[in-house]
Amino acid sequence: MVIRTMRVDPAYRDLVFSMLKQAFGEYLREAGAEWIVKERDLEDFIKAKRLRGLSEKTIRDEARYVRQALIELNWRLNPDSLRDYLSELRGSRSTCLSTLHTA
């Protein structure tokens with residue numbers, strides 16, 4: 001009943017969200033900032049790539065890279081873990097590039 005009313009009445013929706021924010025503000029911010037990725041999400045990613053017409057090899061390669069990143073991130077995405085992961089990738093890329101230049 002509450003959800004149904006929230007869908008049709010913007011004032012009621014604002015009131016409920018305001019009350020939830022007051023009661024559970026910190027929890028809502030934390031919960032909303034993290035996405036737990038499921039295998040189904042990866043399957044949807046692959047389907048979307050097929051719809052775009054990419055080759056099966058490209059799709060397999062991209063899915064493998066995404067899966068490896070997700071494993072390293074424990075299948076959880078949030079702003080901090082993504083920043084750390086990308087920073088680590090940049091650092092390892094710099095190390096690889098400097099090794100190539102000195103070789």
task: Start with the C-alpha gap between Leu42 and Trp75, add the side-chain angles, then the distance that decides, and say whether side chain to side chain contact (heavy atoms under 4.5 Å, CB included) holds.
output: CA-CA 11 Å; Leu42 192 54; Trp75 292 80; 4.3 Å; yes

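Remark: Gln22 engages Ser18 in a side-chain contact (heavy atoms from CB on, under 4.5 Å) (not counting sequence neighbours). Under the side-chain hydrogen bond (donor to acceptor under 3.5 Å, both in side chains) criterion, Arg4 pairs with no residue, sequence neighbours left out. Listed by chain and number, the residues in a side-chain hydrogen bond (donor to acceptor under 3.5 Å, both in side chains) with Arg60 amount to none (sequence neighbours excluded). Scored by the side-chain contact (heavy atoms from CB on, under 4.5 Å) test, Asp9 finds Thr5, Ala11, Tyr12 as partners (sequence neighbours excluded). Considering only residues two or more places apart in sequence or on other chains, Glu62 meets the salt bridge (charged side-chain N to carboxylate O under 4.0 Å, His left out) condition with Lys49. Looking at residues two or more places apart in sequence or on another chain, you find no salt bridge (charged side-chain N to carboxylate O under 4.0 Å, His left out) involving Arg7. With sequence neighbours excluded, the residues satisfying side-chain contact (heavy atoms from CB on, under 4.5 Å) with Ile36 are Glu34, Lys38, Arg76. By the side-chain hydrogen bond (donor to acceptor under 3.5 Å, both in side chains) test, Asn74 is found to be paired with no residue, residues two or more places apart in sequence or in another chain being considered. Applying the salt bridge (charged side-chain N to carboxylate O under 4.0 Å, His left out) test to Arg13 and every residue at least two apart in sequence or in another chain returns nothing. Take Arg64 and apply the salt bridge (charged side-chain N to carboxylate O under 4.0 Å, His left out) test, not counting sequence neighbours, and it matches Asp61.
Using a 4.5 Å heavy-atom threshold, the side chains of Leu77 and Leu70 count as touching.
Taking Ile, Leu, Val, Met, Phe, Trp and Tyr as members and joining any whose side-chain heavy atoms lie under 4.5 Å apart, directly or through other members, Met1 forms no hydrophobic cluster with any other residue. The other residues sharing a hydrophobic cluster with Met19 are Leu15, where clustering joins ILVMFWY side chains under 4.5 Å apart.
Judged by distance alone, with hydrogens and angles left aside, the side-chain atoms of Arg83 form a donor-acceptor pair with the main-chain N or O of Pro79 at under 3.5 Å.
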